[in-house]
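For reference, the structure discussed in these notes is given below.
Since the structure is predicted, the reported quantities are computational estimates derived from the model, not experimental observations.
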Amino acid sequence: PDDLPAAIAGVVADTVTSVVVVKNGQATLAPIVNNAFFIELGVIPRDGPWDLEVQIRYLDGTNRVVAYPDPRPSNG
């Protein structure tokens, strides 16, 4: 197929207050249920842009940003 369905999931500590998934500049607040989150990213075309990060906020006000590299095979 020419397109790849994608999702991201994770388990977070009790000290995490929010998880925001940013895909190609569009931010989505991930619901946290029982210390876990899951977001469907939709279809990502093989030749489309890839910019994905997860922004994590903690009870003490600190933030952490985790960038995810493009998992698609190189076309060159």
Side-chain angles (χ1 to χ4, degrees):
D2 290 334
D3 299 319
L4 300 171
I8 188 164
V11 176
V12 298
D14 289 337
T15 56
V16 172
T17 60
S18 68
V19 174
V20 175
V21 177
V22 182
K23 176 185 133 188
N24 296 329
Q26 184 173 352
T28 302
L29 180 64
I32 299 172
V33 179
N34 295 327
N35 291 74
F37 71 92
F38 176 83
I39 289 284
E40 290 187 35
L41 300 174
V43 174
I44 299 172
R46 287 191 185 274
D47 59 352
W50 177 272
D51 183 19
L52 180 68
E53 69 180 30
V54 175
Q55 301 171 351
I56 305 161
R57 175 163 282 205
Y58 296 89
L59 280 172
D60 66 2
T62 59
N63 296 299
R64 180 173 181 207
V65 176
V66 180
Y68 286 84
D70 192 339
R72 300 171 294 183
S74 174
N75 289 330

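Taken together through direct or relayed side-chain contacts under 4.5 Å among Ile, Leu, Val, Met, Phe, Trp and Tyr, Val54 and Leu29 form parts of separate hydrophobic clusters. The hydrophobic cluster containing Phe38 does not contain Ile56, counting ILVMFWY residues as joined when their side-chain heavy atoms lie under 4.5 angstrom apart, directly or transitively.
When every heavy atom of Ala13 is checked against every heavy atom of Asn35, the shortest pair comes out as C-ND2, 3.4 Å. Shown here for Trp50 and Pro71, the closest heavy-atom pair between the two residues is CZ2-CD, 3.4 Å. Scanning both residues, Ser18 and Ile32, for their nearest heavy atoms gives CA-CD1, 4.0 Å. Leu59 and Asp14 make their closest contact through CD1-O, 4.2 Å (heavy atoms, listed as atom of the first residue, atom of the second, distance). Considering all non-hydrogen atoms of both residues, Val22 and Ala27 come closest at CG2-CB, 4.0 Å. Looking at every heavy atom in both residues, Tyr58 comes nearest to Val16 through CE2-CG2, 3.6 Å.
In this structure, Thr28 OG1 and Ile8 CD1 are separated by 11.5 Å, a value rounded to the nearest 0.5 Å. The distance from atom CZ of Arg57 to atom OG1 of Thr15, rounded to the nearest 0.5 Å, is 13.0 Å. The structure places OG1 of Thr17 at 9.0 Å from CG of Asp60, a figure rounded to the nearest 0.5 Å.
Heavy atoms from other residues, nucleotides or ligands lying under 6.0 Å from CD of Glu53 number more than 12.
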_side chain to side chain contact (heavy atoms under 4.5 Å, CB included) assessment of Leu41 paired with Val21_ = CA-CA 9 Å; Leu41 300 174; Val21 177; 3.9 Å; yes

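For Ala67, there are no side-chain contact (heavy atoms from CB on, under 4.5 Å) partners, not counting sequence neighbours.
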